[in-house]
Structures are given as structure tokens and as C-alpha cells.
Amino acid sequence: MYGRERAEELRERYPHAAEIFGLYLALVEVWESAAVPEKGALEWAAAHVLPRVLTATATAGPRPLADAITGAKVHDGLLAAWLAEEELTPIERYVARATMRVVPVKKGQGEEKTGKCPHCGGPPQVSFRTASEDPLVSGRRMLACARCPDEWNFSATTCPNCGENGKRTVHAEARLKSPQVGRVTPSGDAVFPHLRAESCQTCHRYLIDVDLGQDPRAVPRVDELAAVPIDLHLADQGYTKITPNLMGF
Ligand SMILES: [Zn+2]
Ligand SMILES: [Zn+2]
């Protein structure tokens, strides 16, 4: 459910993201062992999951995050504040999201047409294309929610943030000149053959898009964490991701 095997695979494949996947796997350990009760899930998570998120992060997190967590004071109302979409620091947001992964998200207001999750009304975290039977045709475009496990079908030509149609730019790795993109071998093998960014020229927001036709083993929410070099390149170009991922990229 949390893509443990895929995260293990990507930790080996992408040295630049080894720390991120190391932390992700430590969090998966916490999530998988959480026996969340049906009633009072939020309070239970605050008491039993949140402290373990802090420990896992201090132990397995990349240095700056581990240090920040060790010194952080987490106030009692953090999860409620996150649910109410109050202003939080990046560290607080991280702790809240990592804890809330085990809490079922209530139904909210959303609709497929506006790019908001039809289950909870949350914003999309990542875009992906399903594998197609026909190699000349790409599969359906889907969006995966940043707040709940829901995924929904969405127009391939429309910006999920502002609704603009037809003004998107695809940033494939081949066009990225940033040296952090890393080892592109002379044969032209891409480091991220299945990942690219899709940005909107109108609102300057973007999402990472995962092509399951290129890599059928991909787990969109997990693979998206590996795209840090693409994220850095897009930030450089003045684009902001519609929703930063759990790790803050
Ligand atoms: Zn949702
Ligand atoms: Zn837009």
C-alpha cells in the first residue's frame, strides 16, 4: 500500500535520492505497524504515530531534517491545525503529513473537472499515465491526491491548478541542462526515462508526470520523490509545484 518494495528498488537505483528513500522506508515501517482504531483515529495517531515519526526522522532523515526535528517543539494541536489548513512551518507540515498518512481522510468537496480530488477536495500530488495496449497511443492521464489515497482521471491537456487548456510545457530530462540530472550515458539512456515535469505557462505551476508505459513497476507517489533534480531545475526556471511532496520538494 505504501510502495515499500518500489522505494527499496529506487533507493538502489538513484544514489542522489538514497537518503530520501531511506527516510521514506523508515516512515513506511511506522505506517505499516500502526493499528489505527476506527474511532478517535486522530487522537490515536497524535499519541502513537507522531512520536514514532519524530524518532524515525531523527534517525533516518537527511542531516538538515534530522537536526531540525531533534530541536523542534511539536504543539498539541498540530494535526488539527494541519486539517484546518492553518499556516505551518515546513517542519510542522512534514510531521503532520507523515502522521496523517495513517488517518482516513473524510469526504470533502472536490470535482474531477477542477483538478481537485473528487473524494476529499485535496490538491493533486502527482500526475501519471497508465500503460496503453497500443504503443503509439499513451494511456489515460490520472492524478493522485496529496491528502488521501484517491486517484482520478483528468484531461491530458488541461492544467490541474488553473484550468488553462493547451498551454502546458513538457520538461523531459533530455531538455534539462542542469548538471545535477546526472549520469546520462553516451548511448542516451535517460536517468529518468519515465519521469518528466508538466508545467503551465499561465500559472507557472507544475506536476511531475510518471509514465507507467515506460516503467510498469512505477508507483507514482513513490517515484515522484526521486525527481528532485527535475524539481530543482523547474524551481530555477521560476515554476512552483502545485503541491510539494512529503519531503518538501
Ligand atoms: Zn483526496
Ligand atoms: Zn495553470
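Read the numbers this way: they start at 1 and go in the same order the structure lists the ligands and their atoms. Not measured: the values here are computed from a predicted model.
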Atom pairs and distances, donor-acceptor, side-chain atoms in residues 50-59, under 3.5 Å, two or more places apart:
{"residue": "Arg52", "atom": "NH1", "partner": "Ser33", "partner atom": "OG", "Å": "2.9"}
{"residue": "Arg52", "atom": "NH2", "partner": "Ser33", "partner atom": "OG", "Å": "3.2"}
{"residue": "Thr55", "atom": "OG1", "partner": "Pro51", "partner atom": "O", "Å": "2.9"}
{"residue": "Thr57", "atom": "OG1", "partner": "Val53", "partner atom": "O", "Å": "2.7"}
{"residue": "Thr57", "atom": "OG1", "partner": "Tyr94", "partner atom": "OH", "Å": "2.7"}
{"residue": "Thr59", "atom": "OG1", "partner": "Thr55", "partner atom": "O", "Å": "2.6"}

Inset, instruction - Could you pull out the closest heavy-atom pair between Pro220 and Phe128, with the gap in Å? - result: CG-CG, 3.6 Å
Legend entry - Pair Tyr206, Asn161: side-chain N/O donor-acceptor within cut-off below 3.5 Å: no
Inset, instruction - Establish whether Val105 and Leu78 are linked, either directly or via other cluster members, by ILVMFWY side-chain heavy-atom contacts under 4.5 Å. - result: no
Inset, instruction - Mind telling me whether His204 and Tyr239 have parallel, tilted or perpendicular rings, with 30° and 60° as the class edges? - result: parallel
Inset, instruction - Is it possible for you to say whether Val228 and Leu25 belong to one hydrophobic cluster, with membership spreading through side-chain heavy-atom contacts below 4.5 Å? - result: no
Inset, instruction - Using the test side-chain hydrogen bond (donor to acceptor under 3.5 Å, both in side chains), find all partners of Arg6 that sit at least two apart in sequence or belong to another chain. - result: Glu9, Asp215, Asp223
Inset, instruction - Verify the distance criterion only: is there a donor paired with an acceptor across the side chains of Arg168 and Thr157 at less than 3.5 Å? - result: no
Legend entry - Around the Zn ion (ligand 1), number of protein N/O/S atoms which are nearer than 2.8 Å: 4
Inset, instruction - Using a cut-off of 2.8 Å, find all protein N, O or S atoms closer to the Zn ion (ligand 2) than that distance. - result: Cys159 SG, Cys162 SG, Cys200 SG, Cys203 SG
Inset, instruction - Apply side-chain contact (heavy atoms from CB on, under 4.5 Å) to the pair Glu32 and Tyr2, showing each step before the final yes or no. - result: CA-CA 8 Å; Glu32 283 183 345; Tyr2 299 112; 3.8 Å; yes
